[in-house]
Amino acid sequence: MLETKTLDKPDERRDFPRGHLEAVHLTGLDFAVGTFEPGWRWSESVAPIVGTKSCEVHHNGYVVQGRMHVTMDGGGEAEVGPGDVFVIPPGHDAWVVGDEQCVVYDFAGTMANEYARPAED
C-alpha cells in the first residue's frame, strides 16, 4: 500500500510551553516534528503536563536546526545539533542551547503517539 502525507497538514498538533509537536500517522510509521524555542526545557515545559520526573519517551531522531543538550537520569550527557542523528532512551531531561529554536524530526513513533500528552488518571 502506498501512503503519503504532508507535514503542511499534520494529523495533530500538541502545544506546550515554548514549543509544539506536529505528527503524521501512516501505516507502520508515526512521524513527529518537534519545535522547541529558546528557553525550552523538558522538566519545565513538558513534565507538568505528563506528570513524570523525566522524559519517558524513546526517541530516534534527526536535528534539522538548533542545538539541544540531553542528560540521562543514570548519568551521561550529550549535545546534538544540525545533521546529528540520535537515539535517546527513556529517562532523560533536555533543553535548547542558545538563542535559535531547535527543530527535531523523530521517527520512533513513540514521540508522535505519546509525547506531551497528559497523564491518564
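Hydrogens, waters and symmetry mates are skipped; everything else that's a heavy atom, side chains included, is used.
- Under the side-chain contact (heavy atoms from CB on, under 4.5 Å) criterion, Ser54 pairs with Glu56, Asp73, not counting sequence neighbours.
- At least one donor-acceptor pair closer than 3.5 Å links the side chain of Ser45 to the backbone N or O of Pro17.
- Evaluation of the salt bridge (Lys or Arg N to Asp or Glu O under 4.0 Å) test over residues 44-54, restricted to residues two or more places apart or in two chains, returns none.
- Ile49 and Val104 fall within the same hydrophobic cluster, defined by Ile, Leu, Val, Met, Phe, Trp and Tyr side-chain heavy atoms under 4.5 Å apart, directly or through other members.
- Under the 4.5 Å side-chain heavy-atom criterion for ILVMFWY residues, no single connected hydrophobic cluster contains both Val70 and Tyr62.
- Applying the salt bridge (charged side-chain N to carboxylate O under 4.0 Å, His left out) test to Arg41 and every residue at least two apart in sequence or in another chain returns Asp93.
- The number of heavy-atom neighbours closer than 6.0 Å to CG of Asp15, taken from other residues, nucleotides and ligands shown, is above 12.
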Steps toward side-chain contact (heavy atoms from CB on, under 4.5 Å) verdict (Arg14, Arg117): CA-CA 8 Å; Arg14 280 177 241 139; Arg117 287 199 192 277; 3.1 Å; yes
Audit row: Val57, Trp42, side-chain contact (heavy atoms from CB on, under 4.5 Å) steps and yes/no: CA-CA 11 Å; Val57 171; Trp42 186 91; over 6 Å; no
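- When the salt bridge (charged side-chain N to carboxylate O under 4.0 Å, His left out) test is applied to Asp11, the partners found at least two apart in sequence or on another chain are Lys5.
- Of the inter-residue distances, the one linking Arg67 atom CZ with Gln65 atom CD reads 12.5 Å to the nearest 0.5 angstrom.
- Among residues at least two apart or in separate chains, ring pair (Phe, Tyr, Trp, His ring centres under 6.0 Å) pairs with a member in residues 85-114 are Phe31-Tyr105, Phe31-Phe107, His59-His92, His69-Trp95.
- There is a path of hydrophobic side-chain contacts, each under 4.5 Å, that joins Met68 to Met72.
- Sorted by first then second residue, the salt bridge (Lys or Arg N to Asp or Glu O under 4.0 Å) pairs that include residues 100-115, not counting sequence neighbours, number zero.
- Here the closest heavy-atom approach between residue Val96 and residue Cys102 is recorded as CG2-CB, 4.1 Å.
- By the side-chain hydrogen bond (donor to acceptor under 3.5 Å, both in side chains) test, Asp84 pairs with no residue at all, sequence neighbours left out.
- Residues passing the side-chain hydrogen bond (donor to acceptor under 3.5 Å, both in side chains) test with Asp8, sequence neighbours excluded: none.
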Listing, residues 33-40 side-chain donor-acceptor contacts under 3.5 Å, not counting sequence neighbours, or none:
unit_1 : atom_1 : unit_2 : atom_2 : d
Glu37  : OE1    : Gln101 : NE2    : 3.4
Glu37  : OE2    : Gln101 : NE2    : 2.7

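- Taking all atoms of both residues into account, the shortest heavy-atom contact from Ser43 to Pro48 is O-CD, 4.0 Å.
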Side-chain donor-acceptor pairs of residues 21-29 under 3.5 Å, sequence neighbours excluded:
unit_1 : atom_1 : unit_2 : atom_2 : d
His25  : ND1    : Asp30  : OD1    : 2.6
His25  : NE2    : Glu12  : OE2    : 2.7
Thr27  : OG1    : Glu3   : OE1    : 2.9

